[in-house]
Protein chains: 2
Amino acid sequence: MVKKSVQEAAERAVRLPAEQRRGLILQAATAVFAERGYAGATTDQVARAAGISQPYVVRMFGTKENLFLEALERALGKLTGKFRSVMADYDAGRLAGQVAGLDPAVGPGRPEQLVPLLGAAYADLIRDRGLLLILMQSFLAGHEPVIGARAREGFLGLYQLLRDEVGLDTDGARDFLAHGMLMNTLISLRLPEMYGQDATANELLECTLRSKLQVVVAASKGD
Amino acid sequence: MVKKSVQEAAERAVRLPAEQRRGLILQAATAVFAERGYAGATTDQVARAAGISQPYVVRMFGTKENLFLEALERALGKLTGKFRSVMADYDAGRLAGQVAGLDPAVGPGRPEQLVPLLGAAYADLIRDRGLLLILMQSFLAGHEPVIGARAREGFLGLYQLLRDEVGLDTDGARDFLAHGMLMNTLISLRLPEMYGQDATANELLECTLRSKLQVVVAASKGD
DNA sequence: GTCTATAGGAAGATAGAC
DNA sequence: GTCTATCTTCCTATAGAC
């Protein structure tokens with residue numbers, strides 16, 4: 001029966017190695033949770049986004065809570081990974097072209113030079129749809145016993161990274177986090193999608209995102 | 001039957017004028033939505049918090065969405081109201097005791113003097129449990145068609161207030177919002193409740209909340 | 001490795017009594 | 001002005017086939 005096999009090809013997901021499938025589901029979950037929050041997202045929405053059936057999502061991750069946790073873990077890992085790789089590049093002198101005066105001995109020190117680099121790296125992460133936003137959603141889920149606890153740890157971990165590895169002082173780390181939270185808020189509010197349509201929104205976006213505006217606007221519009 | 005009347009007194013809400021009841025429900029809704037988000041909160045939780053039945057909540061506000069909208073409206077109104085009253089007090093010279101050099105002609109200008117005052121006023125709003133957090137929850141609900149739209153408007157309105165009424169420049173308004181978003185995030189994460197238990201959390205809280213720490217910690221612990 | 005069917009349990013909203 | 005009862009829809013999770 002040709003008809004049946006066509007139907008199957010359309011409705012049935014191709015068999016994939018479990019690890020690869022997990023990755024795809026986590027990616028889909030990140031996007032869905034980022035948009036709708038932990039409570040607002042359904043495992044069925046994740047399943048559709050990943051192109052598989054709802055029970056299979058649950059089967060692979062046990063519970064919705066655990067799925068969120070794993071997506072959160074992945075996001076935290078990618079963020080800290082990116083930050084550390086920027087620092088490694090900087091310390092190895094591989095960013096010579098992008099930084100004005102590269103000698104921390106004179107002029108601005110390493111932390112001060114790293115801040116704009118890390119800020120740009122942060123904004124760049126929005127390409128991975130939902131990565132920053134699922135973090136933000138976890139921060140707003142402080143009342144959830146398991147997820148909230150992990151979110152607290154993760155947030156404090158970021159602060160420690162800024163302080164101990166980047167070398168920022170207390171106020172510097174705070175300011176970096178503050179601007180990160182503002183960026184997340186603007187993205188969550190979907191202001192980048194209004195770019196060009198509202199003068200106030202434009203002003204705020206330009207001033208907040210500076211060099212990374214194009215990236216963020218493009219990513220938000222589903223590029 | 002004494003037993004029955006006691007039971008009724010315990011289970012049945014006292015009759016209240018509709019307007020007063022609306023206010024109580026909105027207050028309860030603010031707290032519940034602030035904690036669990038729009039999607040995560042249930043009308044039943046709001047009803048319990050307000051001491052009435054779930055259908056009555058729906059009866060009074062039509063839909064859960066509309067209940068959230070009205071609570072959001074109230075929060076936006078209280079916030080802008082508080083900011084404007086601080087400005088009025090400042091301009092009328094009623095804050096002489098609280099500001100160092102009060103003459104905008106010499107030293108720091110009006111906007112620069114207002115910033116810490118508004119910051120303290122902002123932190124003070126946490127006394128009204130959930131007021132700041134329901135705003136934050138609305139910002140994270142950008143995908144909701146109605147609520148998201150109002151949240152965008154509200155956020156841009158705050159930016160305009162800072163720019164046009166307070167008189168901050170673009171960067172000043174951005175920084176103020178950024179630190180507000182950080183404060184909201186810390187509160188949502190329940191870090192104030194950890195105060196005294198974690199060195200890193202303490203450092204971040206002290207540096208972010210400065211003079212208002214006691215207020216925030218007390219309010220978070222349910223005072 | 002992936003699906004269909006479905007149990008079991010909320011949650012929002014309505015109807016109608018008091 | 002406020003409640004109880006309930007309809008309906010939706011969602012997580014399980015069972016079991018292919």
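The shown structure was predicted, so the numbers you read here are calculated from the model rather than taken from an experiment. Throughout, a chain's letter reflects where its sequence line sits, starting with A, and its residues are numbered from 1.
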Return the set of residues passing side chain to side chain donor-acceptor pair (under 3.5 Å) with R59(A) (not counting sequence neighbours), or none when no residue passes. none
Sugar-phosphate, base or nothing in reach of V14(A), heavy atoms under 4.0 Å: sugar-phosphate
If the condition is side chain to side chain contact (heavy atoms under 4.5 Å, CB included), which residues does E70(B) pass it with, not counting sequence neighbours? R22(B), L26(B), F61(B), N66(B)
Under a 4.0 Å heavy-atom criterion, the protein footprint on nucleotides 11-18 of chain C, written with B, S and -, is SBBB-B--
Rounding to a whole Å, what distance do you find between R36(A):CZ and dC11(D):P? 9 Å
Provide the full list of ring pair (Phe, Tyr, Trp, His ring centres under 6.0 Å) pairs with a residue in residues 16-52 of chain A, sequence neighbours left out, each pair given once. F33(A)-F68(A), Y38(A)-F68(A)
Does R21(B) have any side chain to side chain donor-acceptor pair (under 3.5 Å) partners at least two apart in sequence or in another chain, and if so, which? none
Among residues at least two apart in sequence or on other chains, which ones pass side chain to side chain donor-acceptor pair (under 3.5 Å) with Y56(B)? none
Specify the angle, to 10°, made by the local axes at the two ends of the helix from dG1(C)-dC18(D) to dC18(C)-dG1(D) when five pairs are taken at each end. 10°
Please work out which residues in residues 16-24 of chain A have a non-hydrogen atom less than 4.0 Å from an atom of DNA chain C and list them by number. L16(A), P17(A), A18(A), R21(A)
In chain order, what residues pass the side chain to side chain contact (heavy atoms under 4.5 Å, CB included) check against A178(B), with sequence neighbours excluded? A178(A), H179(A), L182(A)
Sorted by chain and number, sequence neighbours left out, side chain to side chain donor-acceptor pair (under 3.5 Å) with D91(A) holds for R110(A)
Given atom CZ of R48(B) and atom P of dC3(D), what is their separation to the nearest angstrom? 12 Å
Tell me the interatomic distance from Y56(B), atom OH, to dA5(D), atom C1', rounded to whole angstroms. 19 Å
Which donor-acceptor pairs under 3.5 Å do side chains of residues 200-208 of chain B form with protein atoms, sequence neighbours excluded?
from	atom 1	to	atom 2	distance (Å)
T200(B)	OG1	Q160(A)	NE2	2.9
N202(B)	OD1	G196(B)	N	2.9
E203(B)	OE1	R163(A)	NH1	3.1
E203(B)	OE2	Y159(A)	OH	2.5
E203(B)	OE2	R163(A)	NH1	3.2
E206(B)	OE2	Y195(B)	OH	2.6
T208(B)	OG1	L204(B)	O	2.7

With R150(B) as partner, the option from E144(B), E65(B), E73(B) fulfilling salt bridge (charged side-chain N to carboxylate O under 4.0 Å, His left out) is E73(B)
Going by side chain to side chain contact (heavy atoms under 4.5 Å, CB included), name the residues that satisfy it together with A49(A), two or more places apart in sequence or in a different chain. A28(A), V32(A)
